[in-house]
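One structure is given below, encoded as structure tokens.
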Amino acid sequence: MMNQIDLSDPYDNGYEPDDYMMPEEEWDRDLLLDPAWEKQQRKTFTAWCNSHLRKAGTQIENIEEDFRNGLKLMLLLEVISGERLPKPDRGKMRFHKIANVNKALDFITSKGVKLVSIGAEETSAKEGLLLWCQRKTAPYRNVNVQNFHVSWKDGLGFCALIHRHKPELVDFHKLEVDDPLGNLNLAFDIAEKHLDIPKMLDAEDILNTPKPDERAIMTYVSCFYHAFAGAEQAETAANRICKVLGVNQENEKLMEDYERLASELLEWIRRTIPWLENRVPEKTMSEMQRKLEDFRDYRRKHKPPKVQEKCQLEISFNTLQTKLRISNRPAFMPSEGKMVSDIASAWQGLEQVEKGYEEWLLTEIRRLERLDHLAEKFRQKATNHQSWAAGKEEMLTRKDYESASLMEVRALLRKHEAFESDLSAHQDRVEQIAAIAQELNELDYHDVASVNQRCQSICDLWDQLGTLTQKRRESLERTEKLLETVEQLFLEYAKRSAPFNNWMEGAMEDLQDMFIVHTIEEVQTLIAAHEQFKATLPEADAERQAILGIQQEVLKISQNYGIRGDLTNPYSTITTEEIAIKWDKVKKLVPQRDSALQEELALQHANERLRRQFAAQANLIGPWIQARMEEIGRCSMAMGGTLEDQMTQLKQCEHVIVSYKPNIDRLEGDHQLIQESLIFDNKHTNYTMEHIRVGWELLLTTVARTINEIETQILTRDAKGISQEQMNEFRSSFNHFDRKKNGAMDSDDFRACLISMGYDLGEVEFARIMMLVDPNASGVVSFQSFIDFMTRETADTDTAEQVIASFRILAADKPYILADELRRELPPDQAEYCISRMPPYSGPGALPGALDYTAFSSALYGESDL
């Protein structure tokens with residue numbers, strides 16, 4: 001600005017303000033007419049003008065001659081102001097020269113610069129410059145700056161200013177107060193060579209003048225001020241930029257780490273869910289057991305590290321957001337689909353699929369177990385039936401009655417009646433076989449085709465036997481009318497032996513029947529049924545004795561009446577020997593059945609002990625986890641001590657929790673024994689292993705998250721300079737208005753809290769505050785959001801405007817900055833960081849390679865679309 005230029009320009013009338021206000025006749029006319037003073041003034045002003053004109057590649061030798069046409073005077077004003085003046089007249093006539101001088105004078109007047117006198121602003125500038133010199137030279141011996149004339153005659157003042165800012169240029173301690181000429185020449189030479197300050201003064205003139213010219217000295221000293229003040233501003237600006245860039249680089253590293261960890265965790269979840277969603281059942285029990293073992297390995301080995309990664313990811317996200325808030329940066333928004341809520345949602349989906357997968361595995365194992373039992377039962381019954389039916393079709397199609405005697409015919413008829421009785425007795429067995437085959441079809445048995453084929457074969461044969469039986473009876477009844485004699489005893493034997501034989505076969509099947517139970521009560525039911533069966537044995541034995549008695553009666557009649565011939569019973573194929581063998585087998589199977597049931601009872605007792613053992617531990621661990629959760633809640637809400645005290649308590653609680661892990665592992669071991677024993681329910685506890693696992697993982701996550709919240713509060717407190725008393729006051733206010741005691745305030749409670757703390761809130765202001773503390777419009781304010789708001793209200797931070805002002809200093813007030821200027825003022829890594837991220841400057845007057853530091857600084861604080 002032109003009015004600032006005049007402050008540093010001492011070329012005026014040479015009088016103090018008081019002198020200027022004196023009557024004209026009292027001026028020191030001798031001084032005005034002193035040739036030495038006039039020479040010094042001319043030399044000083046010429047040097048000052050050349051210090052600016054050489055920036056434009058020119059200079060002046062004689063003020064009167066070189067400024068006469070006004071061209072170099074206009075050029076001097078353009079260099080000083082940085083503005084373009086009206087186009088000069090290029091003619092050589094006198095009126096051309098006068099026009100150019102008038103243009104220069106008009107420009108000076110338009111900038112508010114007074115061409116005569118010295119006002120209050122110039123006096124203030126002089127006092128300010130003198131104060132700066134006194135401050136900078138205060139530590140130096142033999143230097144006492146009190147004015148701008150005699151205080152500088154020994155040259156030590158100039159040397160002190162140079163040494164204070166550039167100590168490598170002059171060894172001040174070797175200077176002598178008795179060598180003023182050497183000191184002055186040394187200072188002038190160094191200033192011209194290293195500081196780009198022209199020699200406006202002569203050492204001899206200063207020494208030979210009792211009182212050196214004050215304006216000349218002020219002009220020369222002001223050049224030192226501008227040279228050194230710019231360097232100090234650049235250093236301050238560079239330090240500020242380094243600090244801001246360092247924070248930004250650290251935050252970018254944390255953002256990259258979060259993105260990478262989130263991507264890895266989401267990819268693992270994406271790969272794992274399809275495996276858990278696979279519900280294709282295996283055909284055998286062993287294959288399903290392998291699936292169950294793979295699932296156990298997943299729960300024990302693969303999932304726990306991912307639980308820790310998920311917890312650490314949430315902690316890293318919270319820490320990053322806190323650092324961004326502290327450094328007044330915009331909040332971090334992860335890539336689409338990688339928010340903490342997205343990860344939590346994906347994790348919830350994983351756990352839902354995981355739970356369904358475990359239930360499906362257990363259901364499939366039960367189904368296969370049931371299928372194996374039914375298939376074996378089908379094979380046994382089918383084999384017994386086919387053994388019985390073998391040869392029956394051939395027997396029913398014989399024509400033996402055509403050549404038989406009357407007795408033989410009657411025998412054949414009775415034999416056929418016995419067969420019909422036997423056939424009727426096998427009706428239930430055939431129906432059981434068909435029912436078992438139907439159930440195997442409904443349960444999707446893997447070898448159902450062979451089962452259906454065998455069942456169909458049995459049913460077809462059964463229908464054929466029924467038809468043939470009916471035909472044979474009709475033939476025998478027709479023949480019976482021709483034959484008269486029949487053996488009643490044999491007939492009675494056949495009628496009684498056949499059902500008894502069928503009963504024995506049924507008893508043997510029941511005694512050898514496989515059973516599957518899961519509780520003591522079920523075993524006891526089977527034992528009771530077996531005891532009822534054993535109670536019927538005396539009655540069955542009496543029937544056996546009666547049947548054997550019939551055969552004995554036949555033998556007795558034969559012996560008494562001397563009957564000859566074949567005594568084989570023509571009505572029955574069941575012999576007494578066969579009855580004896582089957583009866584002996586029944587008696588052997590009874591104790592075997594007793595032993596099997598007792599072994600199963602012992603096994604169920606052992607399973608009951610496993611249930612009680614698991615329940616005893618689970619009933620202790622479940623409440624313990626709940627107690628620790630409540631303890632963490634109380635600790636996080638406590639106000640009795642400092643945040644460090646809360647952190648210590650939480651760390652101790654975390655240590656206790658980690659030390660409790662062996663109890664969880666022992667419970668996992670008991671749970672594995674229960675699963676290996678195929679125990680699927682436990683009436684002694686409401687806790688399942690899934691409940692304990694979820695509670696344990698929630699406990700680990702809660703203590704880690706709570707510790708992170710306290711660390712965040714400590715970081716916020718220390719970074720914002722908040723005292724412990726303020727934190728306690730914030731906590732007290734929050735707890736008072738947290739009426740539901742759930743760690744959050746609704747909007748009405750939050751308004752009441754702010755009013756209690758002295759805020760005068762209108763609807764618009766309160767709406768603005770709610771947008772800050774509840775950006776998602778959830779209707780509640782958490783304690784962390786409350787703390788962030790209060791710290792923003794009570795602390796000061798860097799702003800985009802401050803950073804822009806710092807870059808403007810480095811750019812020498814240009815609206816853009818060059819890469820070389822950044823490399824000169826900033827450390828190499830941060831200079832390259834700025835160069836790579838600053839957009840090109842497209843404003844007026846831009847040079848090639850110009851960079852837009854305003855847009856870059858605004859982007860650091862989220863205030864532009866860069």
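As the structure is a prediction and not an experimental result, all values here were calculated from the model. All heavy atoms count here, side chains included; hydrogens, waters and symmetry mates do not.
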- Scan residues 519-532 for pairs that pass salt bridge (charged side-chain N to carboxylate O under 4.0 Å, His left out), counting only residues two or more places apart or in two chains. E531-K534
- Those residues that, when tested against E314, pass salt bridge (Lys or Arg N to Asp or Glu O under 4.0 Å) (two or more places apart): K310, R705
- R398 versus R472: any side-chain heavy-atom pair under 4.5 Å? yes
- Heavy atoms of A389 and L465 approach each other most closely as CB-CD1, 4.4 Å
- State which residues pass salt bridge (Lys or Arg N to Asp or Glu O under 4.0 Å) with D460; sequence neighbours excluded, sorted by chain then number. none
- Note on the structure: Those residues at least two apart in sequence (or on a different chain) that pass ring pair (Phe, Tyr, Trp, His ring centres under 6.0 Å) with W462 are H385
- Query: With a 4.5 Å heavy-atom cut-off, do N619 and H684 have their side chains touching?
  - Reply: no
- Message: Could you check whether any side-chain heavy atom of K306 comes within less than 4.5 Å of a side-chain heavy atom of T272, counting everything from C-beta outward?
- Response: no
- Message: Apply side chain to side chain contact (heavy atoms under 4.5 Å, CB included) to residues H530 and L511 and explain how you reach the verdict.
- Response: CA-CA 9 Å; H530 185 61; L511 291 173; 3.5 Å; yes
- Message: Within a 6.0 Å radius of atom CD on Q545, are there more than 12 heavy atoms belonging to other residues, nucleotides or ligands?
- Response: yes
- I579 and S497, any side-chain heavy atoms less than 4.5 Å apart: yes
- Item | Distance-only polar pair, side chains of E264 and W268, donor-acceptor under 3.5 Å | no
- Message: Restricting to ring pair (Phe, Tyr, Trp, His ring centres under 6.0 Å), what partner residues turn up for F500, sequence neighbours left out?
- Response: W503
- Not counting sequence neighbours, which residues clear side-chain contact (heavy atoms from CB on, under 4.5 Å) with A382? List them please. F378, R454, I458
- Message: If you compare all heavy atoms of L423 against all heavy atoms of G466, which two are closest, and at what distance to 0.1 Å?
- Response: CD2-CA, 4.5 Å
- Query: Is it true that R379 and E376 make a salt bridge, defined as a side-chain N closer than 4.0 Å to a carboxylate O?
  - Reply: yes
- Query: Should the pair F614 and H671 be assigned to parallel (<30°), tilted (30 to 60°) or perpendicular (>60°) ring geometry?
  - Reply: tilted
- Query: Taking only residues two or more places apart in sequence, or in another chain, which ones meet E599 in a salt bridge (Lys or Arg N to Asp or Glu O under 4.0 Å)?
  - Reply: none
- Message: Show every salt bridge (charged side-chain N to carboxylate O under 4.0 Å, His left out) that has at least one partner inside residues 673-685, sequence neighbours left out.
- Response: R611-D681
- Message: With a 4.5 Å cut-off on side-chain heavy atoms, are L313 and V340 touching?
- Response: no
- Run the side chain to side chain contact (heavy atoms under 4.5 Å, CB included) check on I625 and Y660 step by step: do they pass? CA-CA 10 Å; I625 291 176; Y660 200 75; 5.5 Å; no
- Task: Would you please name every residue forming a side chain to side chain donor-acceptor pair (under 3.5 Å) with T576, sequence neighbours left out?
- Result: none
- Would you indicate whether the side-chain heavy atoms of M689 and Q675 approach each other to under 4.5 Å? no
- Task: Dump the intermediate steps for side chain to side chain contact (heavy atoms under 4.5 Å, CB included) on I692 and L667, then the final yes or no.
- Result: CA-CA 9 Å; I692 298 299; L667 190 63; 3.9 Å; yes
- Message: Return the CD to CD distance between E351 and Q348, rounded to the nearest 0.5 Å.
- Response: 8.0 Å
- Any side-chain heavy atom of Q672 within less than 4.5 Å of one from R300? yes
- Ignoring hydrogens and angles, state whether a donor on the side chain of S421 or K495 is under 3.5 Å from an acceptor on the partner side chain. no
- Message: Using a 3.5 Å distance criterion without hydrogens, assess whether the side chain of S387 forms a donor-acceptor pair with backbone atoms of T383.
- Response: yes
- Task: Tell me, yes or no, whether the heavy-atom count around D513 atom CG, taken from other residues, nucleotides or ligands under 6.0 Å, exceeds 12.
- Result: yes
- Message: Check K661 with D665, please: is the shortest side-chain N to carboxylate O separation under 4.0 Å?
- Response: yes
- Message: Taking CD in E539 as the centre, count heavy atoms belonging to other residues, nucleotides or ligands within less than 6.0 Å. Is the count above 12?
- Response: no
- What one should report as the nearest heavy-atom pair of H691 and Y687 is ND1-CA, 3.9 Å
- Note on the structure: Applying side-chain contact (heavy atoms from CB on, under 4.5 Å) to M508 and not counting sequence neighbours gives E505, Q512, K582, K585, V586, L589
- Note on the structure: Looking only at heavy atoms, the pair that brings K338 and I343 closest together is O-CD1, 4.1 Å
- Stepwise, does the side chain to side chain donor-acceptor pair (under 3.5 Å) test hold for W388 with D422? CA-CA 10 Å; W388 170 84; D422 193 12; 2.7 Å; yes
- Message: Please give me the minimum heavy-atom distance between S572 and A494, naming the atom from each residue.
- Response: CB-CB, 3.5 Å
- Message: Please evaluate residues Q312 and L261 with respect to the criterion side chain to side chain contact (heavy atoms under 4.5 Å, CB included), reporting the C-alpha separation (whole Å), side-chain torsions for both, the decisive distance (0.1 Å), and the verdict.
- Response: CA-CA 9 Å; Q312 186 59 44; L261 292 175; 5.6 Å; no
- Between W583 and L537 the two heavy atoms that sit nearest each other are CH2-O, 3.8 Å
- Tell me, do T469 and H416 make a side-chain contact under 4.5 Å, heavy atoms counted? yes
- Query: Is there a donor in the side chain of N663 and an acceptor in the side chain of Q617, or the other way round, less than 3.5 Å apart?
  - Reply: no
- Partners passing salt bridge (Lys or Arg N to Asp or Glu O under 4.0 Å) against R271 (at least two apart in sequence or in another chain): E267
- Do any pairs count as a salt bridge (charged side-chain N to carboxylate O under 4.0 Å, His left out) and have a residue in residues 684-695, sequence neighbours left out, and if so which ones? R299-E690, E668-R693, E690-R693
